Amino acid sequence: MSVIYEVNLAVDREIAAEYRDWLIAHVQEMLALPGFTGARLMETAPDQADAAETVFCTQYELVDQSALDEYLRLHSARMRADGINRFGDRFRSTRRVLRDLGRY
């Protein structure tokens with residue numbers, strides 16, 4: 001059963017364009033890791049956005065829970081540190097795991 005690893009990122013609007021450019025490259029790097037099969041990158045619609053922030057949502061699809069567990073154990077600290085090193089406290093993130101039950 002595939003797993004969706006979702007990362008939501010609230011970014012200071014002043015750095016949103018630079019962050020988006022970095023995020024696109026970051027997603028490509030994630031997709032090169034074992035078990036990742038695809039990703040979707042979204043941005044909050046302008047009429048729903050906070051004036052001070054841009055919110056990005058990235059949904060990574062993995063083959064199964066064990067692939068996610070391996071990512072979390074072996075790669076997540078390094079991948080998260082890259083964003084923190086570049087952007088410091090100018091963004092915040094939340095994560096959740098979703099199990100795909102089907103598409104209708």
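The model shown is predicted, which means the values in this text are computed figures rather than measured ones. When a residue number appears, it is its place in the shown sequence, counting from 1.
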Q: Run the numbers on Glu29 and His75 for side-chain contact (heavy atoms from CB on, under 4.5 Å), then give the verdict.
A: CA-CA 11 Å; Glu29 191 176 346; His75 304 286; over 6 Å; no

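- Annotation: the span from Leu31 atom CG to Glu61 atom CD amounts to 10.5 Å, rounded to 0.5 Å.
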(Q) Evaluate Tyr60 against Val7 for side-chain contact (heavy atoms from CB on, under 4.5 Å), listing each step before the verdict. (A) CA-CA 8 Å; Tyr60 298 98; Val7 182; 4.2 Å; yes

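- Heavy atoms of other residues, nucleotides or ligands lying less than 6.0 angstrom from CZ of Arg95 number more than 12.
- Connection of Met30 to Ile4 is not established within any shared hydrophobic cluster, with ILVMFWY side chains joined at heavy-atom distances below 4.5 Å, either directly or through further cluster members.
- Listed for the Thr37 side chain is no donor-acceptor partner under 3.5 Å among the backbone atoms of Val63.
- Taking the six-membered ring for Trp, Tyr5 and Tyr71 have ring centres closer than 6.0 Å.
- Screening Asp12, Thr54, Leu23, Ile84 for a side-chain contact (heavy atoms from CB on, under 4.5 Å) involving Phe91 leaves a single residue, Ile84.
- Both Leu62 and Met79 are members of a single hydrophobic cluster when ILVMFWY side chains are connected at heavy-atom separations under 4.5 Å.
- Distance check, rounded to the nearest 0.5 Å: CZ of Arg86 to CD1 of Ile15 gives 12.0 Å.
- From Leu9, atom CG reaches atom OG of Ser93 across 6.0 Å, with rounding to the nearest 0.5 Å.
- Ionic pairing of Asp82 and Arg78 is not present here: no N-O contact between side-chain nitrogen and carboxylate oxygen is shorter than 4.0 angstrom.
- Placement of Val55 and Trp22 in two distinct hydrophobic clusters is found when ILVMFWY residues are connected by side-chain heavy-atom separations under 4.5 Å, directly or transitively.
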Q: Would you sort out whether Glu70 and Leu33 count as a side-chain contact (heavy atoms from CB on, under 4.5 Å), showing the intermediate values?
A: CA-CA 10 Å; Glu70 180 176 323; Leu33 295 171; over 6 Å; no

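- Between the side chains of Arg96 and Thr94, no donor N or O sits under 3.5 Å from an acceptor N or O.
- Ring pair Tyr19/Phe56 is parallel by interplanar angle, where below 30° counts as parallel and above 60° as perpendicular.
- Taking the charged nitrogens against the carboxylate oxygens, Glu14 and Arg90 do have a contact shorter than 4.0 Å, which makes a salt bridge.
- Within the model, atoms CG of Leu74 and CG of Asp69 stand 10.5 Å from one another, a figure rounded to the nearest 0.5 Å.
- The two residues Gly35 and Ala67 come nearest to each other via the heavy atoms CA-CB, 3.8 Å.
- Within a 6.0 Å radius of CG in Asp89, other residues, nucleotides and ligands contribute 12 heavy atoms or fewer.
- Here the straight-line distance linking atom OG of Ser2 with atom CG of Leu68 works out to 11.5 Å at 0.5 Å rounding.
- With rounding to the nearest 0.5 Å, the separation of OG1 in Thr58 from CZ in Arg40 is 11.5 Å.
- Leu41 and Val11 fall within a single hydrophobic cluster, where Ile, Leu, Val, Met, Phe, Trp and Tyr are joined by side-chain heavy atoms under 4.5 Å apart, directly or via other members.
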